[in-house]
Amino acid sequence: MAEAKDIPVMEKIVSLCKRRGFVFQSSDIYGGINGFWDYGPLGAELKRNVKELWWNTMTRMREDVVGLEATIIMHPQIWKASGHVDTFSDPMSDCLLTKKRFRSDQVEPQSGIAYHFAGARDTASGRELNEPFSVLLPAGKPPESARRTAQLFYQQRGLAQAELLGERTEKVENSQRYNPENGALLTEPRPFNLMFKTYVGPVADEDNVAYLRPETAQAIFAQFKNVLETSRQKVPFGIAQVGKAFRNEVTPRNFTFRSREFEQMELEFFIRPDEAIEAICGTVATPSGPGHPGQPQPQWGWQMWHQYWVEERIRFYESIGLPRTSLEEYWQKPEELAHYARATVDLLFKFPFGTQELEGIAARSDFDLSQHQRCSGKSMTVFDEELKGAWAKLAPDTQRALADRYAAARKRYLEKTGLPTEAADKQAAEDASQLGRGYYVPHVIEPSAGVDRLILALITHAFREDEVTDEKGKKETRTIMRFHPRVAPVKIGVFPLLKNKPELVKRAEEIRDLLRPHFHVFYDEAGSIGRRYARQDEAGTPFGVTIDFDTLGETPELRDTVTVRHRDDGRQERLAVGDLLAWFGSRLR
RNA sequence: GCGGGCGUAGCUUAGUGGUAAAGCUCCAGCCUUCCAAGCUGGCUAUGAGGGUUCGAUUCCCUUCGCCCGCUCCA
């Protein structure tokens with residue numbers, strides 16, 4: 001939980017984000033819109049850098065991952081298959097008396113006598129209220145009890161001396177409309193849909209309903225076969241995607257942390273089922289302890305792959321300036337796991353408002369592809385030539401043992417979909433015999449990260465305030481955003497020492513133009529040099545280049561050298577202009 | 001969605017039923033030989049809508065947004 005002293009820190013960060021152009025409230029001039037945020041000039045650069053680094057790390061720097069960019073609106077059946085339509089829309093009801101909220105379909109059914117009231121009159125003021133209210137009493141309870149509850153209800157609405165009007169009774173069986181705790185009427189069930197709904201085509205009717213995707217992952221599953229067939233990849237391999245997702249969050253909170261429109265960076269990494277690995281390699285490697293397991297190996301089972309991706313992701317965060325110590329690894333307990341997940345690790349970051357999830361790395365078995373196979377009727381199996389060959393050479397006992405294990409796992413999935421035991425048995429046996437011929441539905445490891453959360457983590461982690469006392473003894477606070485150079489929105493500030501010396505300005509512009517094609521530079525000639533340094537510190541610019549009279553040759557041996565200033569400690573060093581590109585290149589990439 | 005708090009310039013704050021104030025920031029000019037120097041000038045605000053009133057930033061209502069708690073959290 002957030003501690004009181006931390007709240008002002010968050011406020012300072014929000015304020016800085018606006019002042020410096022990292023994050024603005026969406027639709028600000030119209031009063032804003034809850035749960036939506038825009039990135040300003042610095043924020044946009046920061047976010048671009050982060051997404052690009054993720055993309056390069058996950059796809060271009062690897063042999064075994066390819067990319068995808070899918071649409072935000074997809075066939076509504078996808079969300080049926082994924083389970084989002086069902087799990088994202090719970091009907092909710094509130095107790096009219098206590099405001100307590102219930103899942104409408106999970107209210108314990110009540111039977112008894114319902115006392116309906118049409119309204120009430122305040123005997124003191126004569127004011128009348130025509131708001132109906134009802135109380136359900138178990139059979140045999142005295143009616144007075146219902147009237148007292150109703151009076152409480154009308155008192156809450158400002159009638160001090162409520163005289164009940166229009167009382168009538170009704171026998172009720174197994175109703176979910178009343179609060180089991182006090183008998184008070186609940187509000188009408190209201191659907192609580194976390195998915196944004198829209199309509200495709202000009203006619204806004206139920207046949208044309210579609211949803212803005214609540215996660216990017218499903219597109220990867222839906223396009224699995226197309227990618228497999230065109231990318232010349234084979235299992236194990238991954239498909240990565242970066243893109244917007246939308247959730248109609250109940251309570252957007254904590255600045256950009258929980259937004260209604262947000263961006264995800266997701267990888268679905270497809271692997272062989274353990275039974276296939278055992279058939280091919282004779283064994284399945286499992287983790288021998290914590291830490292990075294090293295280069296992927298053919299005998300790795302899902303647990304190895306899972307741990308591998310957890311460690312890979314932590315390495316990524318380290319590479320952009322979030323040290324391991326700023327993160328927390330949380331292994332979800334069995335009872336917390338989603339029904340399809342075998343294991344999930346949350347990578348948490350210590351935000352000022354609490355330790356919160358940045359990324360989840362889930363081992364999702366073959367659930368997702370199986371769901372789409374079932375719902376679309378299209379096969380999601382891959383053919384694994386190596387498996388087919390290896391299987392044929394196995395002893396019959398081994399074949400049977402592996403097939404049985406595989407069948408048991410398939411059966412567990414099939415029964416969860418509601419298939420009767422007999423049918424599930426039959427289908428599972430069929431799936432197991434397919435395995436022996438080299439066919440299976442791949443399992444998947446899913447590292448899924450929130451871009452905007454990561455941006456917020458980088459901003460809060462970079463934020464530092466220093467108390468500085470100047471020569472006059474005046475105290476002031478200086479803010480430094482200590483971004484890792486790789487993610488910093490602006491890489492280099494370029495400054496002529498003085499603005500009113502044209503020869504300095506001219507040389508500074510030349511150096512700016514020298515660096516500009518390679519790095520994001522910001523040229524500034526306004527105000528004192530110290531002020532310009534301070535401005536760049538607040539933007540998180542890691543390096544400053546200052547052009548002075550020595551650059552022009554005032555001291556002959558320093559001709560064509562510049563001051564390079566380091567953001568975090570103010571350290572300065574003298575570098576030759578000709579060395580700048582290489583020097584920065586080695587520090588910014 | 002419920003309850004509480006808050007909403008004055010880009011930021012931080014002042015103030016009043018009767019001309020809306022300041023510091024910082026920002027912009028322009030002058031000046032300035034390395035860490036928010038100085039001088040001059042300038043832009044910019046009562047979240048939105050309605051009501052009461054001769055007159056509302058101030059009082060009332062509604063609404064939007066932010067913060068805290070509850071609820072929710074695939």
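Keep in mind that the numbers below use all heavy atoms, side chains included, and drop hydrogens, waters and symmetry copies. Remember, it's a predicted structure, so these values are computed and weren't measured experimentally. The sequence lines fix the lettering, A, B, ..., with proteins before strands; numbering per chain opens at 1.
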Notebook entry, point to check: Closest nucleotide of RNA chain B for A:Lys501 versus for A:Ser528: which of these residues is on the 5' side?
Noted result: A:Lys501

Note to self: If the cut-off is 4.0 Å, is A:Gln25 near the phosphate of B:G65, judged by side-chain N/O to OP1 or OP2?
What the structure shows: no

Check: Taking only N and O in the side chain of A:Arg535, is any of them less than 4.0 Å away from OP1 or OP2 of B:U25?
Finding: no

Next item on the list: Select base, sugar-phosphate, or nothing to describe what A:Lys18 touches, counting heavy atoms under 4.0 Å on all strands.
Entry: sugar-phosphate

Notebook entry, point to check: For A:Asp28, which contact category applies under a 4.0 Å heavy-atom criterion: base, sugar-phosphate, or nothing?
Noted result: nothing

Notebook entry, point to check: Now, which nucleotide makes the Watson-Crick or G-U wobble pair with B:U12, with each of the two distances under 3.5 Å?
Noted result: B:A22

Next item on the list: Could you tell me whether the phosphate oxygens of B:A36, OP1 or OP2, come under 4.0 Å of any side-chain nitrogen or oxygen in A:Arg478?
Entry: yes

Item checked: Distance-only side-chain donor-acceptor flag, A:Gln218 / A:His372, under 3.5 Å -> yes

Notebook entry, point to check: With a 4.0 Å cut-off on heavy atoms, is A:Asn34 in touch with a base, just the backbone sugar-phosphate, or nothing at all?
Noted result: sugar-phosphate

Item checked: side-chain N/O A:Arg531 vs B:A37 OP1/OP2, d < 4.0 Å -> yes

Next item on the list: Mind checking A:Ser15 for me? I need base, sugar-phosphate or nothing, with any heavy atom below 4.0 Å counting as a touch.
Entry: sugar-phosphate

Note to self: Within the 4.0 Å heavy-atom criterion, would you say A:Arg565 contacts the bases, only the backbone, or no part of the nucleic acid?
What the structure shows: base

Checklist line | Partner nucleotide, any strand, of B:G41 [Watson-Crick/G-U, under 3.5 Å] | finding: B:C27

Next item on the list: Answer with base, sugar-phosphate or nothing: what part of the nucleic acid does A:Gln572 contact at a heavy-atom distance below 4.0 Å?
Entry: base

Note to self: Whether the A:Asp346 and A:Gln332 side chains hold a donor-acceptor pair (N or O, under 3.5 Å, no angle test) is what I'd like checked.
What the structure shows: yes

Check: So what does A:Arg574 hit on the nucleic acid, given a heavy-atom distance under 4.0 Å: a base, only sugar-phosphate, or nothing?
Finding: base

Margin query: Quick test of your reading of the model: are A:Glu359 and A:Arg313 salt-bridged, counting only N-O distances below 4.0 Å?
Written below: yes

Notebook entry, point to check: Is the phosphate of B:G29, meaning OP1 or OP2, less than 4.0 Å from a side-chain N or O of A:Lys499?
Noted result: yes

Next item on the list: Pick base, sugar-phosphate or nothing for A:Phe36, based on heavy-atom distances below 4.0 Å to the nucleic acid.
Entry: nothing

Note to self: Between A:Gly527 and A:Gly32, which residue's closest nucleotide on RNA chain B lies nearer the 5′ terminus?
What the structure shows: A:Gly527

Only pairs under 3.5 Å count here: list side-chain donor-acceptor contacts from residues 489-505 of chain A, not counting sequence neighbours, and write none if there are none.
from	atom 1	to	atom 2	distance (Å)
A:Lys491	NZ	A:Pro485	O	2.8
A:Lys491	NZ	A:Arg486	O	3.0
A:Lys491	NZ	A:Ala488	O	2.8

Margin query: Please name the nucleotide paired to B:C70 by Watson-Crick or G-U wobble geometry with both distances under 3.5 Å, or report none.
Written below: B:G1

Checklist line | Distance-only donor-acceptor check, side chains A:Tyr523 and A:Glu525, under 3.5 Å | finding: yes

